[in-house]
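One structure is given below, encoded as structure tokens.
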Protein chains: 2
Amino acid sequence: MVVRSQVQPPAWQGISDAFNSECPAREVLDHITSRWGMLILTALGGGPLRFSELHGIIGGISEKMLSQTLRTLVRDGLIARTVEPSTPPRVSYELTALGQGLTESLHLFLDWIRRHTPEVMAAQHSHDRQNR
Amino acid sequence: MVVRSQVQPPAWQGISDAFNSECPAREVLDHITSRWGMLILTALGGGPLRFSELHGIIGGISEKMLSQTLRTLVRDGLIARTVEPSTPPRVSYELTALGQGLTESLHLFLDWIRRHTPEVMAAQHSHDRQNR
DNA sequence: CAGCATCCAAAAGGATACTG
DNA sequence: CAGTATCCTTTTGGATGCTG
């Protein structure tokens, strides 16, 4: 998942460590900003949800990718998985304290997107007219 | 780039429109959180940079992906491309007003990652020991 | 320098079928 | 219900070579 570039200087210091492809922060960034990671984390911001609820809320995700992304995020300590041993089994996912802190900055980011998507669409159309 | 799922209800209303795979906000989200988009936008937060400077700063990116991602972000109106007609040509990229606003929430997000990467790594190792 | 075009390898991701 | 396993398609992305 992390690109290993051999030509990096040994102790690169920049605006963010994530610029360094060797840094573990880059892996964390990749997990969170993966195609479905951000949507899953944001969905759980409203409280615990079960597998099928997540599947219903997030449009277009396959069961495979939901389960796969959840596993990664659970391993990262951002999401907790709870199993109620019943039949049928009830499995719910919720943000850990760590994940909770993350989603606060995440919400600001998604809010920005929601508010400014019209401007971006306008820019796209304007750009497409230029290059016709 | 956007997944077209036909079973979405016509007027889905959720926490964020990005949950709807039909919504243009999802495309904007994908562009920004694409593998290199976030790093490029953050790098430009410090001021205008030329193509080769970006290539040097962002570890592991190929010229192809840099150029491709830049084109998308320019089309989205987040980045401006300026050409000085000289030989050799000097092309510089900088954030537009729109892109500037975005990077503010982006910085909060990357800051969180930088501060909490150690906790995530600890969680990963703890999780790996559990499932050994 | 700042790229685009082409080709190819690798990874991501979807559909389907199946399990406890 | 909550997944896993398999297969297969699509997408991503790197390497290389070429251009104004």
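Throughout, protein chains are lettered first and strands after them, A, B, ... in sequence-line order, and every chain is numbered starting at 1.
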Side-chain N or O of [X] versus OP1/OP2 of [N]: is the shortest distance under 4.0 Å?
| X | N | result |
| --- | --- | --- |
| B:Arg71 | C:dG3 | no |
| B:Arg35 | D:dG14 | yes |
| B:Ser67 | C:dC4 | yes |
| A:Tyr93 | D:dC1 | no |
| B:Ser52 | C:dA2 | yes |

Which whole-number value in Å describes the distance from [X] [atom1] to [N] [atom2]?
| X | N | atom1 | atom2 | value |
| --- | --- | --- | --- | --- |
| B:Leu66 | D:dT12 | CG | P | 17 Å |
| A:Gln68 | D:dA2 | CD | C1' | 16 Å |
| A:Ile58 | C:dG14 | CD1 | C1' | 16 Å |
| A:Leu39 | C:dG13 | CG | P | 12 Å |
| B:Trp36 | D:dG13 | CH2 | C1' | 9 Å |
| B:Leu70 | C:dG3 | CG | P | 7 Å |

Handout entry: Mutual orientation of the aromatic rings belonging to A:Phe51 and A:Tyr93 [parallel < 30°, tilted 30-60°, perpendicular > 60°]
Key =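 Judged by the thresholds at 30° and 60°, the geometry between A:Phe51 and A:Tyr93 is tilted.
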
Handout entry: Inter-axis angle, terminal five-pair segments of the helix from C:dC1-D:dG20 to C:dG20-D:dC1 [nearest 10°]
Key =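 Comparing the axis at each end, I get an angle of 50°.
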
Handout entry: Within residues 81-90 of chain B: residues closer than 4.0 Å to DNA chain C (heavy atoms)
Key =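 The stretch gives B:Arg81, B:Pro88, B:Pro89 as the residues lying under 4.0 Å from the strand, ordered by number.
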
Practice task
Check whether B:Met121 and A:Leu73 end up in the same hydrophobic cluster, where Ile, Leu, Val, Met, Phe, Trp and Tyr are linked by side-chain heavy atoms less than 4.5 Å apart.
Solution key: no

Problem - Residue closer to the 5' end of DNA chain D, A:Lys64 versus B:Met65 (nearest nucleotide) - result: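 Closest to the 5' end, via its nearest nucleotide, is A:Lys64.
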
